[in-house]
Amino acid sequence: MNTTTAPSFASASDTREQKPRIEELAPDVYGYISDFDPNCGFVVGAEHVIVIDTRPTPRMARGFLDDIRSVTDKPVKFIVLTHYHAVRVLGASAFGDDATVIASNGTLDWIRTRGQADFDSEAGRFPRLFQGIEEIPGLTFPAISFEREMSLWTGGRELRLQCLGRGHSNGDTVVWLPDCGVLFSGDVVENRCGVYAGDAYLRDWHGTLNATAALKPRVLVPGRGAVVRGAAACAEAIATTQDFLGTLLASVQAGIDAGEDLRSCFERTDAAMRPRFGDWPVFQHVLPFDVSRAWDELHGVEHPTVWTAERDRELWDTLRG
């Protein structure tokens with residue numbers, strides 16, 4: 001008798017609390033790092049603080065703000081969003097009306113067109129990360145948006161906000177501090193965590209990662225996973241993210257070439273990727289969504305189909321049921 005049970009939906013069974021910790025990356029530059037929840041960061045300037053991403057809810061963001069207060073009592077003046085996903089942006093209201101939210105035009109467009117669907121989807125996928133969901137006042141919209149690049153200056157330090165190309169989403173922004181070699185990559189780069197590609201432009205992402213590598217960071221805060229230190233280790237993290245995505249695409253393409261349906265392509269891809277990536281956090285969660293997006297892109301669907309809570313469950317039942 002087969003006693004194997006299907007994996008629980010997405011990250012529904014992930015109930016272990018993770019306490020983020022402040023990690024100094026350079027003078028006045030800090031990561032807010034979890035074991036494998038989304039990472040954030042902040043930079044302390046002469047007169048104010050710049051925050052990079054927020055937590056998923058105001059309740060969780062207040063914990064982030066309390067921890068910032070253990071370093072400085074300067075006010076938070078700017079919040080930079082690396083992309084539109086709910087787990088990155090919906091805690092912004094906890095920082096108050098005096099904090100100006102900044103995002104790329106691509107991120108703004110997707111907040112407008114996909115933000116509510118993504119909120120509903122992610123709340124179902126990550127119940128642990130949406131503590132205090134009832135406090136979220138609505139979607140987070142930027143007050144300032146930019147096309148490709150803009151800079152924030154604090155004292156003599158530049159925070160260069162750059163859209164290096166489509167990848168994890170439309171409008172991904174990395175935050176580059178050239179004076180100290182620190183890069184906040186958002187989910188463009190992960191460090192030994194499953195790479196979510198459900199909203200991705202997979203073939204573009206490879207080139208975006210090449211552009212990221214060309215910055216030659218010496219310290220990298222990935223979207224998930226531990227801080228990466230040293231130029232060689234940063235280059236390796238970028239290359240490993242490329243390898244994950246390349247293996248995904250090649251496996252799904254092989255299944256399509258063999259005339260397989262979506263579920264068979266998923267099973268082929270799981271078998272190809274699990275030996276190397278299967279023990280990475282959230283791998284089990286991301287792979288069905290990754291394969292679905294790869295299948296669509298390889299069949300000529302340029303833009304990712306909007307995920308809804310209903311579509312999430314249907315896909316999971318199809319591939320994991």
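These values consider heavy atoms only, across backbone and side chains, with no hydrogens, waters or symmetry-generated copies. Since this is a predicted model, take the numbers as computed values, not measurements.
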Handout entry: Chi angles and distances behind the side-chain contact (heavy atoms from CB on, under 4.5 Å) call for W295, D290
Key = CA-CA 9 Å; W295 170 275; D290 291 1; over 6 Å; no
Return yes if some donor-acceptor pair links the side-chain N/O of [X] with the main-chain N/O of [Y] below 3.5 Å, else return no.
{"X": "D53", "Y": "G41", "answer": "no"}
{"X": "S145", "Y": "N105", "answer": "no"}
{"X": "T241", "Y": "V189", "answer": "no"}
{"X": "Q242", "Y": "H206", "answer": "yes"}
{"X": "R59", "Y": "A94", "answer": "no"}
{"X": "R218", "Y": "C180", "answer": "yes"}
{"X": "Q162", "Y": "E149", "answer": "no"}
{"X": "D172", "Y": "H168", "answer": "yes"}
{"X": "T54", "Y": "R88", "answer": "yes"}
{"X": "N191", "Y": "A226", "answer": "yes"}

Closest non-hydrogen atom pair, [X] against [Y]:
{"X": "V89", "Y": "T140", "value": "O-OG1, 2.8 Å"}
{"X": "A200", "Y": "P304", "value": "O-CG, 3.4 Å"}
{"X": "T82", "Y": "T107", "value": "O-OG1, 4.3 Å"}
{"X": "F146", "Y": "C163", "value": "CE1-SG, 3.9 Å"}
{"X": "W307", "Y": "D312", "value": "CE3-OD1, 3.2 Å"}
{"X": "G165", "Y": "T208", "value": "C-OG1, 3.2 Å"}

Which distance, rounded to the nearest 0.5 Å, do you find between the [atom1] of [X] and the [atom2] of [Y]?
{"X": "Q116", "Y": "I111", "atom1": "CD", "atom2": "CD1", "answer": "12.0 Å"}
{"X": "L249", "Y": "W205", "atom1": "CG", "atom2": "CH2", "answer": "10.5 Å"}
{"X": "Y201", "Y": "S169", "atom1": "OH", "atom2": "OG", "answer": "8.5 Å"}
{"X": "M60", "Y": "R55", "atom1": "CE", "atom2": "CZ", "answer": "4.0 Å"}
{"X": "T57", "Y": "I136", "atom1": "OG1", "atom2": "CD1", "answer": "6.0 Å"}
{"X": "T240", "Y": "L245", "atom1": "OG1", "atom2": "CG", "answer": "11.0 Å"}

Check this for me: [X], atom [atom1], are more than 12 non-hydrogen atoms of other residues, nucleotides or ligands nearer than 6.0 Å?
{"X": "D257", "atom1": "CG", "result": "yes"}
{"X": "K74", "atom1": "NZ", "result": "yes"}
{"X": "E17", "atom1": "CD", "result": "yes"}

Handout entry: Geometric class of the W280/F244 ring pair [parallel <30°, tilted 30-60°, perpendicular >60°]
Key =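 Because their plane-to-plane angle is under 30°, the rings of F244 and W280 count as parallel.
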Answer yes or no: is there an ion pair linking [X] with [Y], defined by an N-O contact shorter than 4.0 Å?
{"X": "D67", "Y": "R21", "value": "no"}
{"X": "R274", "Y": "D279", "value": "no"}
{"X": "R62", "Y": "E135", "value": "yes"}
{"X": "R114", "Y": "D118", "value": "no"}
{"X": "R224", "Y": "E190", "value": "no"}
{"X": "D199", "Y": "R293", "value": "no"}
{"X": "E260", "Y": "R268", "value": "yes"}

Practice task
Go through L220 and S185 one step at a time and tell me if the side-chain contact (heavy atoms from CB on, under 4.5 Å) criterion holds.
Solution key: CA-CA 7 Å; L220 189 154; S185 74; 4.0 Å; yes
Practice task
Flag this pair as yes if the NZ/CZ of R320 is under 6.0 angstrom from the six-membered ring centre of W316 and inside a 45 degree cone about the axis; otherwise no.
Solution key: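 Geometry flag: set, cation within 6.0 Å and 45°.
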If we count only N and O atoms by modelled type, under 3.5 Å, do the side chains of [X] and [Y] hold a donor and an acceptor together?
{"X": "S121", "Y": "R125", "answer": "yes"}
{"X": "S13", "Y": "S8", "answer": "yes"}
{"X": "Q18", "Y": "D35", "answer": "no"}
{"X": "D187", "Y": "H83", "answer": "yes"}

Handout entry: Stepwise side-chain contact (heavy atoms from CB on, under 4.5 Å) check, S292 with R311
Key = CA-CA 11 Å; S292 177; R311 184 176 175 231; 3.7 Å; yes
Check the hydrophobic clustering (I, L, V, M, F, W, Y; side-chain heavy atoms under 4.5 Å; chains of links allowed) and say if [X] and [Y] are grouped together.
{"X": "F64", "Y": "L25", "result": "no"}
{"X": "L164", "Y": "L202", "result": "yes"}
{"X": "L161", "Y": "L215", "result": "no"}
{"X": "F289", "Y": "V252", "result": "yes"}
{"X": "I52", "Y": "F42", "result": "no"}

Handout entry: salt bridge (charged side-chain N to carboxylate O under 4.0 Å, His left out) between R203 and E302, intermediate numbers included
Key = CA-CA 10 Å; R203 287 171 288 199; E302 179 183 0; over 6 Å; no
Exercise for the section: Could you name each residue pair satisfying ring-ring contact (aromatic ring centres under 6.0 Å, His included) that touches residues 111-133, not counting sequence neighbours? Expected result: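 Non-adjacent pairs meeting ring-ring contact (aromatic ring centres under 6.0 Å, His included): F126-H285.
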Problem - Worked verdict on R166 versus H303 for side-chain contact (heavy atoms from CB on, under 4.5 Å) - result: CA-CA 11 Å; R166 299 187 303 189; H303 301 294; 3.8 Å; yes
Side-chain donor/acceptor pairs under 3.5 Å, residues 228-239, sequence neighbours excluded:
unit_1	atom_1	unit_2	atom_2	d
R229	NH2	E23	OE2	3.2
R229	NH2	E24	O	2.9

Exercise for the section: Using the side-chain hydrogen bond (donor to acceptor under 3.5 Å, both in side chains) rule, take Y196 and H85 through it: C-alpha gap first, then chi angles, then the decisive distance, then the call. Expected result: CA-CA 11 Å; Y196 179 68; H85 281 141; 5.3 Å; no
